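What follows is a set of notes on a single structure, which appears directly below.
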Number of protein chains: 2
Amino acid sequence: MNSGFESIAGSKRSLHVQVAREIARKILSGQLPQNSIIPSELELCEQFGVSRTALREAVKLLTSKGLLKSRPKVGTKVVERAYWNFLDSQLIEWMDGISDNDEFCSQFLGLRNAIEPEACALAARNATVEQRMKLSEIFEQMCDIANADVFDQVKWTSVDTQFHSLIFNSTGNVFYLPFGNILTTMFANFIHHSSTDGSTCIEEHRQIYSAIMAGNSDKARLASSTHLQAVKSKLPI
Amino acid sequence: MNSGFESIAGSKRSLHVQVAREIARKILSGQLPQNSIIPSELELCEQFGVSRTALREAVKLLTSKGLLKSRPKVGTKVVERAYWNFLDSQLIEWMDGISDNDEFCSQFLGLRNAIEPEACALAARNATVEQRMKLSEIFEQMCDIANADVFDQVKWTSVDTQFHSLIFNSTGNVFYLPFGNILTTMFANFIHHSSTDGSTCIEEHRQIYSAIMAGNSDKARLASSTHLQAVKSKLPI
DNA sequence: CACGCTAATTTGTATGATTTATTAATAGGG
DNA sequence: CCCTATTAATAAATCATACAAATTAGCGTG
């Protein structure tokens, strides 16, 4: 293999996404340094064993995530890390195995710490009737799972994700919407709940839940902060 | 014109981006409803007057921003708003003129309120020596502009943007990085500073600046909060 | 009525030709 | 010898066309 790229012919998912993932991981890991020019389209086509169409769509995908920038004659360049969109779910998925998992989760918690208490406060004020009904429904499911004889970890992660996502969707603020998907991605790919999470967390969730339902934004903010502190104490770092 | 799409032949920037922008704006404005199937590739090619290559790259771009999803035989569908990535700078640019500007800025302030105080606190703790030097340099420029006889609004916006962006870059947390670009985009496209901002804000910025330089994270958080409160009071709503 | 097969439609991938934009080299003039 | 303008080379951008794959819908048969 001439320059570290492997052929990926014969796989399942959309071709250009696979190619994009491969290139992305080389960028994220630093194997392709920032500000460096990556090989020309034709070279990459050969190395990946795909057509220019597929490769170009992959490059476009990475460009839209801020990883690459291409100009005629000069070539395609890896842009600096400050421009990478780490708030893109797909990019986050691609980070799997690149950086230390615990550190990554810890940094994510650093984001949640900022955004979630405020999201809960906004949701307490702005959630629609439908959203409150839905939240109520989800919380009931949480209780059921927490009180069950055997703790179903998969189900817990699912409703936990739904619970927090719905809160972001209930803020009435478009800029909070994407955090629901980011959280979902992180829960699915990086954060692994322990089997005791359900029983220990249910009271914290109840605090958040009832504060939002009561429209008490200050209490909701506080309850969320408390919950995140508890989450932090469980981290290995 | 058969279904509301205009030909965009003969323009400046990259073709597929222009096409993507057109489609995106129709989605963002609701002209193309959520969950609806957009016309087939061939139809869109005709309506835009571009080749299938260009159109497909446009669709891929929108897919990566969570606006579209396409499957063979079924077609390309507008996904629901909850999945749109409003934390993507390009998408934010495309919002121009779509929603009420004041409301949009107000919602953005709702995001800054959550994220920026915490970012300042993290920067106070984690900024490297180089970043502190750079911040110091930028703050000096702010002072110069604020103290100048005639207030240069363009320069002020530029250094103000740099100041806040650098703080996000100094958090040592990858998830905070994108906010620098988002803020830059918002400042450039939506937020219009009044001519008195420089003189009135310089003290607030000094508080943030010196708290970060001193490594006092609590004070930095508080100073940022105070600053945002002042910004809020200037909003028309 | 149920099941499976076929056909039609739409996106996915491939390939080659042409156009455009940018750099770099080269020639001409001061 | 240096500076400027023109030109040539190059890599991405766009176009056009052909074929493959996937999925749905409809047909036909048991």
Side-chain angles (χ1 to χ4, degrees), chain A residues 2-3 5-24 27 32 35-79 90, chain B residues 2-3 5-24 27 32 35-79 90:
Chain A
N2 30 20
S3 102
F5 289 103
E6 299 167 19
S7 175
I8 55 167
S11 267
K12 286 125 216 165
R13 279 185 275 177
S14 164
L15 199 48
H16 74 270
V17 176
Q18 294 175 55
V19 174
R21 181 178 188 273
E22 293 296 317
I23 300 176
I27 295 173
L32 287 173
N35 293 313
S36 65
I37 303 282
I38 68 173
S40 74
E41 286 186 350
L42 287 172
E43 284 183 63
L44 289 171
C45 287
E46 276 191 20
Q47 288 168 20
F48 283 108
V50 301
S51 74
R52 265 195 9 266
T53 309
L55 185 103
R56 278 183 58 80
E57 285 176 357
V59 170
K60 288 291 170 303
L61 184 56
L62 297 178
T63 302
S64 100
K65 298 187 189 313
L67 298 183
L68 292 178
K69 194 168 205 88
S70 43
R71 287 168 56 198
K73 168 72 183 175
V74 65
T76 301
K77 199 168 87 169
V78 180
V79 316
Q90 202 170 22
Chain B
N2 28 22
S3 104
F5 288 103
E6 299 166 19
S7 174
I8 55 166
S11 266
K12 288 125 216 164
R13 279 184 274 178
S14 164
L15 197 49
H16 74 268
V17 175
Q18 294 176 54
V19 175
R21 181 177 189 273
E22 292 297 316
I23 300 176
I27 295 173
L32 287 173
N35 293 313
S36 67
I37 303 283
I38 69 173
S40 75
E41 289 184 348
L42 287 173
E43 282 182 65
L44 290 172
C45 286
E46 274 191 22
Q47 289 168 21
F48 282 109
V50 300
S51 75
R52 219 175 133 220
T53 308
L55 184 105
R56 278 182 59 79
E57 285 176 357
V59 170
K60 288 292 171 300
L61 185 55
L62 297 178
T63 302
S64 100
K65 298 188 189 313
L67 297 182
L68 293 177
K69 194 169 203 84
S70 45
R71 286 170 55 201
K73 170 71 184 175
V74 182
T76 301
K77 199 168 87 169
V78 179
V79 316
Q90 203 170 22

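All values derive from a computational prediction rather than experimental measurement. The sequence lines fix the lettering, A, B, ..., with proteins before strands; numbering per chain opens at 1.
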Nearest non-hydrogen partners of [X] and [Y], listed with the distance:
X	Y	answer
S70(B)	T76(B)	CB-OG1, 3.0 Å
L61(B)	S64(A)	CD1-CB, 3.1 Å
A54(B)	H16(B)	O-CB, 3.3 Å
C45(B)	L55(B)	SG-CB, 3.9 Å

Find the distance [X]:[atom1] to [N]:[atom2] and express it as a whole number of Å.
X	N	atom1	atom2	result
L68(A)	dA13(D)	CG	P	11 Å
L42(A)	dT15(C)	CG	P	12 Å
K77(A)	dT10(D)	NZ	P	22 Å
K73(B)	dT24(D)	NZ	C1'	5 Å
R52(B)	dT15(C)	CZ	C1'	14 Å
E41(A)	dA13(D)	CD	P	6 Å
L55(A)	dA11(D)	CG	C1'	13 Å
E57(A)	dC15(D)	CD	P	15 Å

First encountered from the 5' end of DNA chain D, between S40(A) and S51(B): S40(A)

[X] vs [N]: side-chain N/O to OP1/OP2 distance below 4.0 Å:
X	N	answer
S70(A)	dA13(D)	yes
H16(A)	dT13(C)	yes
R56(B)	dG12(C)	yes

Regarding K69(A), tell me which of base, sugar-phosphate or nothing describes its non-hydrogen contacts under 4.0 Å with the strands shown.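 The residue K69(A) makes no contact with any strand.
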
Which part of the nucleic acid does T53(B) contact within heavy-atom distance under 4.0 Å: base, sugar-phosphate only, or nothing? base

What's the closest nucleotide to the side chain of [X] if the choices are [options]?
X	options	result
V74(B)	dG12(C), dA12(D), dT23(D)	dT23(D)
L15(A)	dA14(C), dA21(C), dT24(D)	dA14(C)
A54(A)	dA13(D), dA14(C), dT11(C)	dA14(C)

Would a distance-only check, ignoring hydrogens and angles, find a side-chain to backbone donor-acceptor pair under 3.5 Å from S36(A) to L32(A)? no

Would you say the base of dT24(D) and the side-chain of R71(B) have a donor-acceptor pair closer than 3.5 Å?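 Per atom types, no contact qualifies.
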
